Amino acid sequence: LHYSAWGDADAPPVVCVHGLSRVGRDFDPLAERLEDDYHLLCPDMPGRGLSEWAAEGEAEAVYTGAAMAELCATFCDELGLDELRWVGTSMGGTLGMALAAGPMRDRITHLVLNDVGPAPAADEEAQEGIERIIGYLSDPPTFRRLSGLEAFYCETYDTFSEMTDGEWRTFTVSSSRRVEDGRFAPAYDPRVVEPLLTEEPAMDPWEMWEAIEAPTFVLKGRHSDILADDTFAEMQERRPEIDAREYDCGHAPALNVDEQVRPVRAFLDS
């Protein structure tokens, strides 16, 4: 399991976990703004980035939410994180919810969910977004030049909040790999998709949501096709104490501008 670390190791830890096919380096802009006060730990989940891929025939065991949640808990154990703050984008948020409601409920002190609700796979309003994601994940293209991959990413993730040219380049370089013929491809195993979509949840998603005791901050893209408006409203209705904010983008806020980072910092500081 590969991870990037930012800040002083003695500072309060913040574990940042990325979306389905993304990498820990997605949190570079956030980490740059928080590293003076926090120790940020940004892992690449198995089959993504620089972490190992599942062996042949083992994808269904390695790439499930349950297996990744267990790995995240072990990651925190190995680093001696008795208490931590959690920031999760999309899939990383679902892992955070499962841990905060279950095995790490006494260790996660603050939970930030970036554009995800308790059960996106079961949410009828999110089906179009899920199908969109499956469409580009299942058969990743390859490119002769890195600039080709960058153009693909810019088009594929144009639902994200706005990023600079430099941020797009870092986004591309940090999530690219070379395939056998030397071409560039996205840095993930295409087998990561199916296990998550076919997995039966360990508990009712809304019961899980209500079981979370950690203070929670939810960011939503106003035009998100993963976190539906009705789900966002129900999250607040069931847990009216949470902090919830919308931003003018789709799925998902990039956590790269002061408008998004300031409230996240204020929440983590609370």
Side-chain angles (χ1 to χ4, degrees), residues 4 6 14 16-36 38 40 42 44 48-49 86-94 96 112-117 120 125-126 128-137 140-141 143 145-176 184 186-188 217-229 231-232 235 243-268:
S4 301
W6 299 73
V14 180
C16 303
V17 181
H18 57 77
L20 178 58
S21 65
R22 295 301 309 147
V23 298
R25 293 288 303 279
D26 285 3
F27 295 99
D28 280 12
L30 178 68
E32 288 176 356
R33 291 165 168 82
L34 297 182
E35 66 172 333
D36 288 347
Y38 292 100
L40 293 104
C42 310
D44 297 338
R48 290 90 166 168
W86 185 283
V87 178
T89 294
S90 198
M91 180 192 76
T94 63
V112 177
L113 305 176
N114 188 19
D115 209 53
V116 69
E125 292 186 53
E128 184 176 337
I130 290 173
E131 290 173 6
R132 172 180 63 82
I133 291 172
I134 293 172
Y136 67 72
L137 293 188
F143 301 90
R145 299 180 185 276
L146 189 64
S147 57
L149 178 60
E150 182 173 350
F152 168 76
Y153 277 152
C154 289
E155 179 179 358
T156 301
Y157 295 105
D158 67 350
T159 58
F160 279 21
S161 54
E162 188 172 347
M163 297 198 296
T164 66
D165 290 346
E167 287 170 341
W168 276 118
R169 177 51 56 95
T170 299
F171 182 98
T172 303
V173 170
S174 63
S175 57
S176 65
F184 293 96
Y188 67 86
F217 178 32
V218 183
L219 298 85
K220 179 188 185 307
R222 186 167 294 120
H223 313 293
S224 175
D225 55 4
I226 295 297
L227 178 52
D229 291 341
T231 301
F232 188 52
M235 292 169 75
D243 191 351
R245 306 194 186 199
E246 276 193 332
Y247 295 91
D248 189 20
C249 63
H251 180 74
L255 305 180
N256 63 328
V257 293
D258 288 345
E259 178 190 16
Q260 297 167 15
V261 174
R262 275 198 307 267
V264 171
R265 174 187 281 279
F267 173 75
L268 295 177

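Residue indices begin at 1 and follow the sequence shown. Since the model is a prediction, treat every value here as computed from it, not as a measurement.
- When all heavy atoms of Gly221 and Pro253 are compared, the closest pair comes out as N-CD, 4.1 Å.
- Annotation: the span from His251 atom NE2 to Phe160 atom CZ amounts to 6.5 Å, rounded to 0.5 Å.
- Distance CG/Asn114 to CD1/Ile226: 12.0 Å, rounded to 0.5 Å.
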Worked check of side chain to side chain contact (heavy atoms under 4.5 Å, CB included) between Ser174 and Asp28: CA-CA 10 Å; Ser174 63; Asp28 280 12; 5.7 Å; no
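- Closest of all the heavy-atom pairs between His18 and Gly24 is CD2-N, 3.5 Å.
- Atom CZ of Phe27 sits about 9.5 Å away from atom CG of Leu40, to the nearest 0.5 Å.
- Among Tyr153, Phe184, Phe152, the one residue that satisfies the ring-ring contact (aromatic ring centres under 6.0 Å, His included) test with Phe143 is Phe152.
- Summarising the local packing, CD of Glu32 is surrounded by more than 12 heavy atoms from other residues, nucleotides or ligands at distances under 6.0 Å.
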Check against side chain to side chain contact (heavy atoms under 4.5 Å, CB included), Val218 and Met235: CA-CA 9 Å; Val218 183; Met235 292 169 75; 3.9 Å; yes
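- Remark: Tyr157 OH to Ser175 OG distance equals 7.0 Å, nearest 0.5 Å.
- Considering only residues two or more places apart in sequence or on other chains, Asp258 meets the side-chain contact (heavy atoms from CB on, under 4.5 Å) condition with Arg33, Arg262.
- In terms of modelled atom types and a separation under 3.5 Å, the side chain of Asp26 and the main chain of Cys42 share no donor-acceptor contact.
- Under the 30°/60° scheme for interplanar angles, the aromatic rings of Phe267 and Phe217 are found to be tilted.
- To the nearest 0.5 angstrom, Asp229 atom CG is 8.5 Å from Thr231 atom OG1.
- Taking all atoms of both residues into account, the shortest heavy-atom contact from Gly117 to Leu227 is N-CD1, 3.7 Å.
- Cation-pi check for Arg222 over Phe232 is not met; the charged atom does not lie both under 6.0 angstrom from the ring centroid and within 45 degrees of its normal.
- Residues Arg25 and Asp44 are not paired through a salt bridge, judged by the lack of any N-O separation under 4.0 Å between the basic side chain and the carboxylate.
- Here the closest non-hydrogen pair linking Gly19 and Met91 is O-CE, 3.8 Å.
- A side chain to side chain contact (heavy atoms under 4.5 Å, CB included) with Leu219 is found for one member of Asp115, Leu113, Leu255 and no other, namely Leu255.
- Across all non-hydrogen atoms, the minimal contact from Gln260 to Ala254 is OE1-N, 3.5 Å.
- Note that the NE2 atom of His223 and the OG atom of Ser161 stand 11.5 Å from one another [nearest 0.5 Å].
- Side-chain contact between Trp6 and Cys16 is absent, with no heavy atoms from C-beta onward closer than 4.5 Å.
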